[in-house]
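What follows is a single structure, written as structure tokens, with notes after it.
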Amino acid sequence: MKPDITRQSLASTLILFGLLLGLFWCRAVSAPFPAETPQGMQPLLGGTVNGWLGAVPWMRPALYLSLVFICAMRVMRIVSGNMLLVTRTFLPAIFFLLIGMGFYVTPSDVRGVMCAWLFIEGSHFTISGFRRAWSFDALFRGGMLFGFMPLVLPDSAAMWLCLPVGLRLFRRSGGEAVTAVAGLLLPLASWSYAEWMTGGEFTRAAMEIWRALVAQGPLAFAGTDVFRIAAAGLTVILLLLSVFSFAAMARSMRTRPARIVGYFIFSTVVAGAMLALPCRSALPFPLIAAGGAVVAPVFFVRRTGAAPAAFYWLIVVALAAANVIPMI
């Protein structure tokens with residue numbers, strides 16, 4: 001591989017991606033952590049999808065791994081398509097995998113990675129209207145994808161905060177904001193109406209989301225191995241360094257890339273805060289990765305050389321060791 005990690009070829013990136021994906025998945029299947037085991041009820045659309053997938057043993061792993069790959073590629077497309085970085089790099093795909101699967105994987109629950117896909121696609125539609133006269137269609141579709149997230153994973157309701165921030169950053173009009181909010185509320189309203197039409201309570205879906213948000217979650221960091229703790233600390237430091245790097249060069253960036261990076265910094269903070277909710281679980285890590293994969297490469301584009309490369313490989317090795325050791 002080349003010394004400059006931002007200029008790795010697509011072939012070497014796909015090889016590393018495949019090796020890490022196989023390692024993380026094998027560890028989760030053969031030696032799962034306690035937080036990776038589903039606990040409690042799985043309400044609404046997410047529970048229904050998991051139930052359908054459980055009928056065919058190979059469907060759930062196939063969908064999970066396919067969505068991980070699709071999300072990694074879509075994040076990379078957002079970065080390159082909007083020219084967020086001055087250098088073309090495939091690092092966003094690797095960082096999505098490292099953050100989204102390196103710490104926890106839930107092979108028997110696809111809700112987390114489904115929400116990551118909904119967020120990435122919703123963000124794509126929200127961003128696509130930037131600098132255009134009108135963008136009602138894209139904003140409605142983006143808002144609707146955001147609206148499905150709490151139906152899939154109730155704690156992802158926190159990610160709704162990203163929509164008004166995106167509308168403000170991307171300079172949308174009041175009419176477009178109303179359209180986006182209408183799309184946001186449509187999935188929940190439709191689910192509630194369907195519940196009412198079948199004899200249930202109209203507010204059942206909203207109450208299910210609220211009960212899931214305030215319920216005590218199973219994720220506990222006590223007893224976490226030293227490699228995962230080290231990798232978590234290094235990842236947080238990297239994200240902070242990337243934020244500082246972005247702040248230092250924000251004035252020299254074009255408006256569109258600067259606002260998009262700022263949007264994903266905010267989304268990473270919101271997704272990370274989901275781990276502090278009472279309902280905390282291992283499921284939000286792909287959501288954290290969706291924003292973190294955009295933010296993390298900023299540091300390596302601004303700072304090149306042996307030291308940043310060593311820092312990158314230290315994170316990779318720490319997460320690899322954290323997943324190899326439980327299988328020994």
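Looking at every heavy atom in both residues, Phe246 comes nearest to Val298 through N-CG1, 4.0 Å. Scanning all heavy atoms of the two residues, the minimum distance from Pro286 to Gly112 falls at CB-O, 3.8 Å. Contact detail for Ala321 and Pro326: the closest heavy-atom pair is O-CD, 4.3 Å. Considering every non-hydrogen atom in both Pro257 and Arg254, the closest pair reads CD-O, 3.3 Å. Between Thr268 and Gly292, the shortest heavy-atom contact is OG1-N, 3.2 Å.
Two residues are said to be in side-chain contact when any heavy atoms from C-beta on lie closer than 4.5 Å; Met274 and Leu277 meet this criterion. Side-chain contact between Ser108 and Arg60 is present, with at least one heavy-atom pair separated by less than 4.5 Å. Side-chain contact between Met101 and Phe285: absent, with no pair of heavy atoms (C-beta onward) separated by less than 4.5 Å. Using a 4.5 Å heavy-atom cutoff, the side chains of Ile209 and Leu188 are in contact. In this structure, the side chains of Val113 and Trp117 stay at 4.5 Å or more apart for every pair of heavy atoms. Here the side chains of Val324 and Leu23 are in contact, with some heavy-atom distance below 4.5 Å. Residues Phe311 and Leu241 have side chains in contact (heavy-atom distance under 4.5 Å, counting atoms from C-beta outward). Annotation: side chain of Ser123 is in contact with side chain of Phe264 (closest heavy-atom distance under 4.5 Å).
More than 12 heavy atoms of other residues, nucleotides or ligands sit less than 6.0 Å from atom CZ of Phe266. Residue-environment remark: CZ (Phe136) exceeds the threshold of 12 foreign heavy atoms within 6.0 Å.
Under the 4.5 Å side-chain heavy-atom criterion for ILVMFWY residues, a single connected hydrophobic cluster contains both Leu314 and Phe24. Hydrophobic cluster membership differs between Val269 and Trp160, with clusters built from Ile, Leu, Val, Met, Phe, Trp and Tyr side chains linked at under 4.5 angstrom.
Legend: residues meeting side-chain hydrogen bond (donor to acceptor under 3.5 Å, both in side chains) with Arg74, ordered by chain and number and at least two apart, are Glu121. Qualifying salt bridge (Lys or Arg N to Asp or Glu O under 4.0 Å) partners for Arg141, counting only residues two or more places apart in sequence or in other chains: Asp137.
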Step by step, would you call Glu195 with Thr203 a side-chain contact (heavy atoms from CB on, under 4.5 Å)?
CA-CA 9 Å; Glu195 285 276 358; Thr203 59; over 6 Å; no
Stepwise, does the side-chain contact (heavy atoms from CB on, under 4.5 Å) test hold for Leu161 with Val165?
CA-CA 7 Å; Leu161 294 172; Val165 170; 5.6 Å; no
Go through Leu239 and Val243 one step at a time and tell me if the side-chain contact (heavy atoms from CB on, under 4.5 Å) criterion holds.
CA-CA 6 Å; Leu239 292 174; Val243 171; 5.5 Å; no
Please evaluate residues Phe125 and Phe140 with respect to the criterion side-chain contact (heavy atoms from CB on, under 4.5 Å), reporting the C-alpha separation (whole Å), side-chain torsions for both, the decisive distance (0.1 Å), and the verdict.
CA-CA 9 Å; Phe125 284 119; Phe140 180 80; over 6 Å; no
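How far CG of Leu151 is from CZ of Arg111: 12.0 Å, rounded to the nearest 0.5 Å. With rounding to the nearest 0.5 Å, the separation of SG in Cys162 from CG in Leu287 is 9.0 Å.
Panel note: side chain Ser245, backbone Phe299; no donor-acceptor pair is recorded below 3.5 Å. Looking only at distances, no side-chain donor or acceptor of Ser156 sits under 3.5 Å from a matching main-chain atom of Val152. Judged by distance alone, the side chain of Asn82 and the main-chain N or O of Ile260 form no donor-acceptor pair under 3.5 Å. Between the Thr106 side chain and the Leu283 main chain, no donor and acceptor come within less than 3.5 Å of each other.
A donor-acceptor contact closer than 3.5 angstrom links the side chains of Ser12 and Ser9.
Taking the ring centre of Tyr104 as origin, the terminal cationic atom of Arg228 falls inside the region bounded by 6.0 Å and 45° from the ring axis.
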Distance-only donor-acceptor pairs under 3.5 Å for side chains of residues 83-98, two or more places apart:
unit_1	atom_1	unit_2	atom_2	d
Thr89	OG1	Thr6	O	3.0
Thr89	OG1	Leu91	N	3.2

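Ring pair Tyr263/Phe170: centre-to-centre distance below 6.0 Å. Residues Phe119 and Phe146 bring their aromatic ring centres within 6.0 Å.
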